[in-house]
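These notes concern the structure reproduced below.
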Amino acid sequence: MSLPKKHLFDLPEGVIYLDGNSLGAMPKGAVERASQVITQEWGNDLIRAWNTADWMSLPTRVGDRIAPLIGAPEGSVATGDTLSIKVYQALAAALKMVPDRRVILSDSGNFPSDLYIAQGLIGTIDKGYELRTPAPEDVLDAITDEVAVVMITQVDYRSGRMHDMTAITQKAHSVGAVMIWDLAHSAGAVPVEIAATNAEFAVGCTYKYLNGGPGAPAFIYVRPDLTTSVQPALAGWMGHDAPFAMEPGYRPAMSIERMRVGTPPIIQLSILDQALSAWEGVSMSEIREASIKLSETFIREVEARCPQAVLASPRDPAQRGSQVSFAFPDGYAAMQALIDHGVIGDFRAPDIMRFGFTPLYLDEADVIRACEIMETIFAQELWRDPKYQTRSRVT
Ligand SMILES: *Cc1c(COP(=O)(O)O)cnc(C)c1O
C-alpha cells in the first residue's frame with residue numbers, strides 16, 4: 001500500500017482540508033523548487049536557463065508526466081495557459097474538423113467558463129453556431145447528426161455526478177461529431193483512459209487534484225493521429241515549428257507543441273513538476289478505491305450527525321467523482337463556520353456545501369474528525385452567528 005502520501009504535503013496544523021478539488025494542497029519541496037528556479041536558474045543563469053535548465057521543453061516534459069494519470073501516451077499532452085484558454089483551443093480546432101455543422105453540444109451542469117468560452121467563440125466566428133445545453137441526463141439523446149462538437153466535463157463541479165465517457169464518446173462518433181472532454185475534476189481524482197475512449201481532445205487543470213498551486217498551467221490532450229493535422233486557432237510563436245527562425249508566417253510544430261501558445265510560466269510549471277512527483281508509485285485505481293472509502297464514510301457520518309443537510313451528490317459511488325456535496329439553505333454560513341473550526345470545504349451557489357476527497361493527503365481519521373466538527377456546528381446552529389453571513393468575493 002503506497003497511500004497515504006500525507007508526508008509529502010505541507011498541511012497547516014489544525015486544518016482538515018476538504019477542498020483539494022478546488023485548490024490542491026501544497027506539496028513539500030514546492031518552496032525549494034521555486035526557490036531554486038528563481039535564484040539559480042533565473043537569478044544566476046538568466047536567459048541562458050532556456051537552454052541550461054531546458055525551460056523550453058518544460059511544458060511537454062510536464063505534459064508527459066500528466067499523461068499516465070489520464071491514460072494518454074507520451075507526446076500527446078501539452079501544458080500552458082489556463083483551462084479556459086485550453087477549452088478555447090480545443091473547441092476552435094474541433095469545429096474546423098466538422099465544417100458543415102453548426103451545433104456545439106454541452107450540458108447545463110457544465111462549469112460556466114466552458115460555456116462562456118463557447119459563447120465567445122461563437123460570437124467571434126459569427127457563422128451561425130449554436131450552443132445547446134440540455135440537462136446532463138439528456139446529453140446522450142441530444143447527440144444528433146446536427147452536432148459538430150460534443151464538449152462535456154466528466155465530473156460535475158457542483159454535485160460530483162459523473163458522465164459515462166465511453167458511452168458519450170461512442171455516441172458522438174456514431175453521428176460524426178468530435179468529442180472534447182474536460183477533465184478538470186477528473187485528472188488525479190478518478191481513473192481516466194482518454195486514449196481508450198478515442199476522444200479527439202481533452203483538457204484539464206492542474207491546480208485542483210494535481211496540486212500544481214494557484215494559477216498552475218492547464219493541459220491539453222490531442223489524439224495522437226491528429227497531432228499534426230489539428231489547426232491551432234491561437235497561433236503563437238511557441239507553437240511554431242521553429243520559433244527562433246522568426247519566420248513571418250505561422251507554421252505549426254509537427255508535434256503536440258503546436259498546442260503551445262506563448263512563453264510558458266516557468267516558475268509555476270516547475271512547482272507543478274515537483275507536485276507530480278507525489279504520484280510516483282501510485283495507481284489511479286488505488287486512489288479511486290481510497291477516495292470511495294473516504295466519501296462513503298463522510299456521507300454515512302454526515303447523514304447520521306447532520307440530518308438538516310441533504311445529499312446533493314449521487315448516492316452510488318460509481319456515479320460520483322471524488323467529491324461530495326450537501327445542500328443546506330444556509331450552506332454559505334455553515335461553510336464559513338466549518339472553515340472557522342478548521343474544516344475547509346467550499347460553497348457553490350445557491351445552497352451547495354462542497355467537500356473534496358484527496359486520498360494522497362487525507363485519511364479516514366481526518367474525515368471522522370471533520371464530521372464531528374460538522375455535527376457540533378449543526379447541532380448548536382453555530383452558523384447563525386452574523387459573522388458567518390457576509391459573503392466574500394470567493395466562496
Ligand atoms: C476549474 C474549472 C475551470 C477553471 O478554468 P480556469 O481557466 O483554470 O480558471 C474551467 N472549467 C472547468 C470544468 C473547471 O472545473
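Note that these values count all heavy atoms, side chains included, but never hydrogens, waters or copies made by symmetry. Order of listing sets the numbers, starting from 1, for every ligand and every atom in it.
Residue contacts with ligand 1: Lys208 is placed with a nitrogen or oxygen under 3.5 Å of a nitrogen or oxygen of the ligand (distance criterion only). Ligand 1 has a nitrogen or oxygen under 3.5 angstrom from a nitrogen or oxygen of Tyr207. Polar contact with ligand 1: absent for Tyr157 (N/O pair, distance under 3.5 Å). Below 3.5 Å of separation, one finds no N or O of Thr153 facing any N or O of ligand 1.
Judged purely by atom type and a 3.5 angstrom limit, Arg102 uses its side chain to pair as donor or acceptor with the backbone of Lys127.
Less than 4.0 angstrom separates some heavy atom of Asp114 from each of these atoms of ligand 1: 10 (C), 11 (N), 12 (C), 13 (C). Numbered from 1 in the order shown, with element, the atoms of ligand 1 that lie under 4.0 Å from a heavy atom of His185 read 15 (O). Contact atoms of ligand 1 toward Ala184: 12 (C), 13 (C), 14 (C), 15 (O) (distance under 4.0 Å to a heavy atom of the residue). Under a 4.0 Å criterion applied to the non-hydrogen atoms of Asp182, ligand 1 contributes the atoms 11 (N), 12 (C), 13 (C).
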*Between Lys6 and Asp366, does a salt bridge (Lys or Arg N to Asp or Glu O under 4.0 Å) hold up when you go through it step by step?*
CA-CA 11 Å; Lys6 219 173 178 174; Asp366 296 323; 2.8 Å; yes
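Among protein heavy atoms, atom 7 (O) of ligand 1 sits closest to Ser84 OG, 2.6 Å.
With respect to the salt-bridge test (charged N to carboxylate O, under 4.0 angstrom), the residues Arg132 and Glu146 qualify.
Side-chain N/O atoms of Gln336 and His341 include no donor and acceptor closer than 3.5 Å.
Taking the six-membered ring where tryptophan is involved, the planes of Phe9 and Tyr361 are tilted, since the angle between them lies from 30° to 60°.
Ring centroid separation for the pair Phe298 and Phe355 comes in under the 6.0 Å cut-off. Checked against the 6.0 Å centroid criterion, the rings of Tyr388 and Tyr332 do not qualify as a close aromatic pair.
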